Amino acid sequence: MKILVCISKTPDTTAKIAFTDNNTKFNEAGVQFIINPYDEWYALVRALELKETLGATVHLVTVGGADTEPVIRKALALGGDEAFRINTDSQDSFYIASQIAAHAKQQGYDLIFTGKETIDYNGSAIGGMVAELLDLPYVSIAAKFELSGTQATINREIEGGEEIVTVALPVVVSCQKGMAEARIPNMRGIMAARTKPLAVIEPVAADSLTAVSTYELPPAKAGVKLISADNVDELVKLLHEEAKVI
Amino acid sequence: MLKDLFQSPDYFQVDELLTEEHLMVRDTVRQWVKKEVSPIIEDACQQAKFPSHIIGGLGQLGCFGPTIPQEYGGGGMDHIAYGLMMQELERGDSGIRSTASVQGSLVMYPIFTFGSEEQKRKYLPKLASGQWMGCFGLTEPDFGSNPSGMITHFRDAGDHVVLNGAKMWISNAPFAQIAVVWAKDDDGIIRGIIVERGMPGFTTPETKGKWSLRASATGELVFDNVKVPKENILPGAKGLKGPLSCLSSARYGIAWGVIGAAMDCYDTALRYAKERIQFDRPIAGFQLTQKKLAEMITEITKAQLMNWRLGVLKNEGKATPAQISMAKRNSCDIATRIARDARQILGGMGITGEYPIMRHMMNLESVITYEGTHEIHLLITGQDITGLDAFH
């Protein structure tokens, strides 16, 4: 079995968010990047579990410049076998999905895992687009994935409940919490990652269908006003006149 | 303890001097410490109980003997990676770092450096995985800074030797499966010998009532006519140079390690000072607080640069014992001062287990004492620069 895990780099969750170029670009200065948690904790680890229990080769793919290599090395340290970096960058989901699909078409995978979304731009679009471009079934927001032969059983979270889907491989699945338990690499894995192949491939021609006009930060939260417990009149007045909730 | 929010200071962009792999090693150990050590360490210290359940995790992570070649179960990593691992472990707790330091630098290192091929094959893989734990016996009740005066000795008895004496202040002693013991032979020459738990006459009573390194187990090694096979003697070590080279290896780890503790104190104090309001504004805005914080980050930065340079020299095989001694002394000295100032910034909260500072502060009193006291390290530098020995 040959599995492809799509890896994206995202800012660390504690990063301070700011924009440059007239609010059209994320300011990366001083920001620490990590593997998108949904890609790492759920997609990659579940792929590694399948490798360990059923036997599989786990390929990793990322679309980005050389600055994405630390995150892909970490994914190799966790246990991926071979990595591919498609040497281009874009904010457009269709362009990115086209690159992944072109690579996947060439390699032929039984299973393609993505995270359910990246925690920076929250597009949630890549998995579905890759499936469409490859003419494969797509199961989104999977919380559990079991395999019997070439038949997969996938639990999906839906509003107020759960949906259980069966599908024949090959399939594209976007993964979320529940798929697997996050792992920490070890020194042996880090040393092994040194010599694992990381191929840099040039992008294929593809259209960009969207362009970002501008980003906006949410308005700063107002400070909290503390009213002393014996001043109920003041509290009622403020709730009525300022907060306008009573 | 409150949630571990640690973020490492990097005022001089020292990270840019590190490789991608070094950063991955550091971040991995940091992640592990946040997950496995921070949630349990306060309780372990309060109860003075070594959290033995983490040994498997430390082994699995690769914290035991990371510089030992992979063919013997080690990590085959460089010395900067090792230093960063010690920094992160000690950021969690000096006791946890001590456990890993002893295993790697004081047990695996001498077996790897002075041991026979059979000894290496027999012990190193089990020590690397944490299946076996080891300890190191050099200090005696009456011979601490002056180890050459040791009285522990063994006599030749044909196919084995008979070992007598006692060692004190031995980290990991109460639970270790093996001890690398330094003792004099019939000719008065210091030799290394591997003593295994279960050998009749060998006991390891625990040292109770410590106010420091409470999450690390310390004990004595007592040898009462212990028969040890001759094949357990390390063939490559004769004289005090053997144990001293182990100390150099461990001191190198300490130089990095205590900066982890110092960073944790600084990070905690900085965050607290920005949040704590007195006289209607954060105490971080007061000059006396800023003086403390500014001096802390300056000393941490200087020590980071010294450690990094020492790591480069060690990787090139050029680090001298005197250079390592200076780094160990400097790091311990500034870390103890930083812990004290950080404690003061936190006021009364600084003495509680809600914050890690008082624990680090108490731990550092051991670290500035063991593996050569602050005073002995001053004399090492003094001797190195003047050529005159002030020890005697």
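None of the values given here were measured: they were computed from a predicted structure.
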- line: Looking only at heavy atoms, the pair that brings A/Arg183 and B/Gln31 closest together is O-NE2, 4.4 Å

- prompt: Should B/Thr28 and A/Asn186 be marked as a side-chain contact (heavy atoms from CB on, under 4.5 Å) after you check the CA-CA gap, both sets of side-chain angles, and the distance that decides it?
  reply: CA-CA 7 Å; B/Thr28 296; A/Asn186 58 31; over 6 Å; no

- line: From the list B/Lys34, B/Lys35, B/Glu36, side-chain contact (heavy atoms from CB on, under 4.5 Å) partner of A/Ile184 resolves to B/Lys35

message: Is B/Asp15 close to chain A through its backbone or its side chain, or both, or neither, when contacts mean heavy atoms under 4.5 Å?
response: neither

field: B/Glu316 atom CD: more than 12 heavy-atom contacts under 6.0 Å
entry: yes

field: Within 6.0 Å of CD in A/Glu181, more than 12 heavy atoms from elsewhere
entry: no

- prompt: Of all the residues in residues 24-59 of chain A, which have a heavy atom that comes within less than 4.5 Å of a heavy atom in chain B?
  reply: A/Gln32

- request: Using non-hydrogen atoms and a 4.5 Å limit, figure out which bit of B/Gln7 sits close to chain A: side chain, backbone, both or neither.
  value: side chain

- request: Check whether more than 12 heavy atoms from other residues, nucleotides or ligands sit under 6.0 Å from atom OH of B/Tyr11, and answer yes or no.
  value: no

task: Assess whether atom CG of A/Asn22 is packed by more than 12 heavy atoms of other residues, nucleotides or ligands within 6.0 Å.
output: no

query: Within a reach of under 6.0 Å around CZ of B/Phe12, are more than 12 heavy atoms found that belong to other residues, nucleotides or ligands?
result: no

field: Residue-level interface, residues 187-195 of chain A with chain B, non-hydrogen cut-off under 4.5 Å
entry: A/Met187, A/Arg188, A/Ile190, A/Met191, A/Arg194

message: At a 4.5 Å cut-off on heavy atoms, which part of B/Gln60 comes close to chain A: side chain, backbone, both, or neither?
response: both

